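Keep in mind the model is a prediction, meaning the values are calculated, not measured. Only this structure's heavy atoms are used, side chains among them; waters, hydrogens and symmetry mates stay out. First listed ligand is number 1; within each ligand, the first listed atom is number 1.
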Amino acid sequence: MDYTTQIAAAKEKFGKLLEEQLKRVEEMKAQGDFVDYAALPTIKIGVCGGDGIGPAITAQAQRILEYLLADEVKSGKVEFKVIDGLTIERRVAENAAIPADVLEELKACDVILKGPTTTPRKGDPWPNVESANVAMRKALDLFANVRPVRIPEQGIDWTFYRENTEGAYAVGSKGVHVTEDLGVDFTVVTSQGCERIIRAAFEYAKANKKTRVTAVTKANIIKTTDGKFLDTFREIAKEYPDITADDWYIDIMTAKLIDEKRRRDFQVLVLPNLYGDIITDEAAEFQGGVGTAGSANIGKKYAMFEAIHGSAPRMVTEGRDKYADPCSVIRAGAMLLAHIGYTEQADKLYKALDICTITEKKYVVTGRDTGVTSAEFADYIMDTIAKCC
Ligand code: IPM
Ligand code: MG
């Protein structure tokens, strides 16, 4: 068989990918430092409901944030802006992961609170548009996906720093079918990409008095890209002599997270994109499932905070969206508050969430009319803040 034509076509596609990625490297080199929210005249908070149950639950999180930031809204320091249109229908109609006008509105904000967005799967009625989450992380260069998991009664307090723009995700939708029989995907790593996520993890550890940062890779097998991640980790670790830096392979780390004697020793974990994706679902499961976790996506200029459950379109068709559980996006809202410097308000919200969902549970959301509505639950949280936080 002569595959000259197919190989030439694949090489051409690969060449284009390399050009795109090298352009990204140049953009990263030109990037400034993290934005200083205190110095901004107005912090613009975009509220992007997404689709399915998203707009309903995100509106409730917005009410709570507006309540906690009432003075700041009044003085003009904080402004809210609702961004519609990140729906699967519009994304399909425009064949875009994020419609151009929505992206423009997102870029006019400083931070974004985002509800769930539908990612089409094989067999769904939708064509295969790229995931809006992944597209937003790339378009706004949100390189640090920070996912905390806390179970105080078991001594678990983990913070995952998942690299969010590179690895298997960088060109995940641009693999090459070289022939009918041969498919190739690519995983991408850059010095700049490794440095910024690893440094962010160490800086977080330092600022929060954590004594250990653990890198998780599979550098024994994926030698080039994971190897670079690990080498960079070891280099940067030298700048933080007071913090213990160790590294594990992803397979054994997956096992150690269920080892009750060892798991509580981990504190901050930093890892490439795909490993971070997988292990944070495992970790969130100990805490009560992905629906209980919030997720922060942080870049130097923008940051986005999201619920990490799905958009539950069936709840909408059955008219049950008003009974959807808003807690994950409310938790994301608390992370947003802390990120932009309102730590006192964030702490009140975390405390109220614990009271309302764990200790007191006066009202519960069940997803149906057997429980309260999302709006009633948001009222319960605000009443709790007023009374005891
Ligand atoms: C996550 C999700 C996304 C990801 C999906 C929805 C594209 O699993 O935020 O962890 O793979 O990153
Ligand atoms: Mg995931």
Point to revise | Heteroatom proximity flag, Tyr169 to ligand 1, N/O under 3.5 Å | key: yes
Exercise for review: For Tyr169 and Glu163, run side chain to side chain donor-acceptor pair (under 3.5 Å): C-alpha distance rounded to whole Å, both residues' side-chain angles, the deciding distance at 0.1 Å, then the answer.
Suggested key: CA-CA 10 Å; Tyr169 283 65; Glu163 203 294 319; over 6 Å; no
Review point. Counting only N and O atoms by type, is there a donor-acceptor contact under 3.5 Å from the side chain of Arg147 to the main-chain atoms of Ser295?
Key: no
Check your understanding: Any salt bridge between Asp71 and Lys77, counting N to O under 4.0 Å?
Key -> no
Exercise for review: Answer yes or no for atom 5 (C) of ligand 1: protein heavy atom present at a distance under 4.0 Å?
Suggested key: no
Point to revise | Min side-chain heavy-atom separation His309-Ile53 under 4.5 Å | key: yes
Point to revise | Glu130 touching ligand 1 at heavy-atom level, < 4.0 angstrom | key: no
Review point. Is there any N or O on Ser131 that sits under 3.5 Å from an N or O of ligand 1?
Key: no
Check your understanding: With a 4.0 Å cut-off on heavy atoms, does His309 reach ligand 1?
Key -> no
Study note, to complete from the structure: With heavy atoms and a 4.0 Å threshold, my read on which part of Val134 contacts ligand 1 is side chain
Review point. Is Glu306 close to ligand 1, meaning an N/O of one under 3.5 Å from an N/O of the other?
Key: no
Review point. What do you reckon, does Asp277 have a nitrogen or oxygen under 3.5 Å from a nitrogen or oxygen of ligand 1?
Key: yes
Check your understanding: Is there an N/O/S atom in Asp277 that lies less than 2.8 Å from the Mg ion (ligand 2)?
Key -> yes
Practice item. Among all protein heavy atoms, pick the one closest to atom 1 (C) of ligand 1 and tell me residue, atom and distance. Key: Arg147 NH2, 3.3 Å
**Study point:** Test item: Phe80 and Val82 side chains (from C-beta on) under 4.5 Å apart, heavy atoms
**Key:** no
Practice item. Give the ring-plane orientation class for Tyr240 versus Phe202, where under 30° counts as parallel, over 60° as perpendicular and anything between as tilted. Key: parallel
Check your understanding: Can Lys206 and Glu239 be counted as an ion pair, charged N to O under 4.0 angstrom?
Key -> no
